Amino acid sequence: MGFILTMLERKIRKKIEWAFYNYDSLKESAKEYIVEIAESQIAVNYDKLPVQSSNDNSIERAIINGIDKNIAYKWCKVVEQTIEHFEGTGKDTLIRCKYFEKKRNWDIANRLYISDTSVKYWINDILQYAFVITAYQHLVFEKDL
């Protein structure tokens, strides 16, 4: 998997890191979008209500489809799934220190008791894994590679 990210262009790496650095604002944007969709679907038009009840909840389906298409939500999932994957390995701490607390690599190395070079390798591992999720979520396209 080390080969994947070394072959990526710098802009792909920066795009993935941007999502990590901006996770909080992306999460807030996704929440606002969910509320907006939910509120727009709550309004009921009594003239068009079905006479029979059905198991199909079209409002719920519309909300889920809207959320799944939201780019901010997808980027949040990339960050969350990456953290979950590395939970308990020390790399989860590195993610929190580097991208959420915005600490320098040297400070992270001291906190984790590893070398600065190891920090760089770990960051590369993290970004490689995030790239795979990003590709799966269709956030990186062929033109970006």
Side-chain angles (χ1 to χ4, degrees), residues 1-45 48 50 53-145:
M1 200 162 174
F3 181 70
I4 294 173
L5 201 59
T6 57
M7 295 300 294
L8 292 178
E9 289 186 21
R10 179 180 161 98
K11 70 178 184 176
I12 300 290
R13 181 184 176 101
K14 291 300 174 188
K15 188 182 274 190
I16 294 169
E17 284 194 305
W18 174 86
F20 278 91
Y21 280 120
N22 293 289
Y23 172 74
D24 289 333
S25 61
L26 287 168
K27 189 171 183 177
E28 190 60 37
S29 176
K31 282 180 186 178
E32 289 171 9
Y33 184 76
I34 291 168
V35 169
E36 186 178 302
I37 288 178
E39 287 175 348
S40 71
Q41 296 295 325
I42 290 175
V44 177
N45 183 349
K48 296 185 178 183
S53 65
S54 68
N55 292 334
D56 183 32
N57 187 338
S58 60
I59 294 172
E60 182 179 305
R61 187 178 61 242
I63 292 171
I64 290 170
N65 288 339
I67 292 168
D68 286 343
K69 293 176 184 173
N70 183 268
I71 300 297
Y73 174 77
K74 287 182 176 184
W75 279 113
C76 286
K77 292 307 284 180
V78 169
V79 173
E80 291 165 0
Q81 288 175 359
T82 303
I83 291 171
E84 184 179 309
H85 177 75
F86 290 111
E87 195 69 42
T89 65
K91 292 178 184 176
D92 58 328
T93 304
L94 186 147
I95 292 169
R96 289 181 180 91
C97 289
K98 179 162 183 69
Y99 299 111
F100 301 163
E101 299 171 17
K102 298 181 179 45
K103 294 192 182 281
R104 296 175 303 176
N105 287 1
W106 185 82
D107 295 327
I108 296 167
N110 284 338
R111 181 170 177 183
L112 295 173
Y113 302 104
I114 60 175
S115 69
D116 189 46
T117 304
S118 293
V119 169
K120 291 174 186 172
Y121 282 121
W122 283 19
I123 290 169
N124 199 41
D125 288 346
I126 290 163
L127 295 177
Q128 287 174 23
Y129 185 80
F131 171 73
V132 172
I133 299 169
T134 302
Y136 179 74
Q137 292 283 350
H138 305 288
L139 292 167
V140 175
F141 302 102
E142 215 173 280
K143 65 178 174 68
D144 295 329
L145 298 175

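Values in this document were obtained by computation on a predicted structure and should not be read as measured data.
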Within-4.5 Å side-chain heavy-atom neighbours: [X] and [Y]:
| X | Y | value |
| --- | --- | --- |
| Y21 | K14 | no |
| Y136 | V132 | no |
| F86 | T93 | no |
| N22 | E28 | no |
| V119 | L112 | no |

_Whether the side chain of S29 engages the backbone of S25 through a donor-acceptor N/O pair (distance < 3.5 Å, no angle test) should be reported._
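Side chain of S29 to backbone of S25, a donor-acceptor pair under 3.5 Å: no, none is there.
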_Backbone of N105 reached by a side-chain donor or acceptor of D107 within 3.5 Å_ =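 Pair absent, no side-chain N/O of D107 close to backbone of N105.
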_K102/E17 ion pair, N-O < 4.0 Å_ =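 No, no charged N to carboxylate O under 4.0 Å.
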*With sequence neighbours left out, write down each residue that passes side-chain hydrogen bond (donor to acceptor under 3.5 Å, both in side chains) with E32, or none if nothing qualifies.*
none
_For Y73, side-chain hydrogen bond (donor to acceptor under 3.5 Å, both in side chains) partners two or more places apart_ = none
Can you name the closest pair of heavy atoms from [X] and [Y] and give their distance?
| X | Y | answer |
| --- | --- | --- |
| R111 | C97 | NH1-SG, 3.0 Å |
| A72 | L26 | CB-O, 3.6 Å |
| I126 | I95 | CD1-CG1, 3.6 Å |
| W122 | T89 | CH2-O, 4.0 Å |
| D125 | K91 | OD2-NZ, 2.8 Å |
| Q137 | K74 | O-NZ, 3.4 Å |

*asked:* How about CZ on F100, more than 12 heavy atoms from neighbouring residues, nucleotides or ligands closer than 6.0 Å, or not?
replied: yes
_For R96 and I83: C-alpha separation, side-chain torsions, deciding distance, then whether side-chain contact (heavy atoms from CB on, under 4.5 Å) applies._
CA-CA 9 Å; R96 289 181 180 91; I83 291 171; 3.4 Å; yes
*Close aromatic pair by centroid cut-off 6.0 Å: Y23 and Y99*: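 Not close enough - the centres of the two rings lie 6.0 Å or further apart.
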*Please lay out, stage by stage, how D116 and K120 fare under the test salt bridge (Lys or Arg N to Asp or Glu O under 4.0 Å).*
CA-CA 7 Å; D116 189 46; K120 291 174 186 172; 3.7 Å; yes
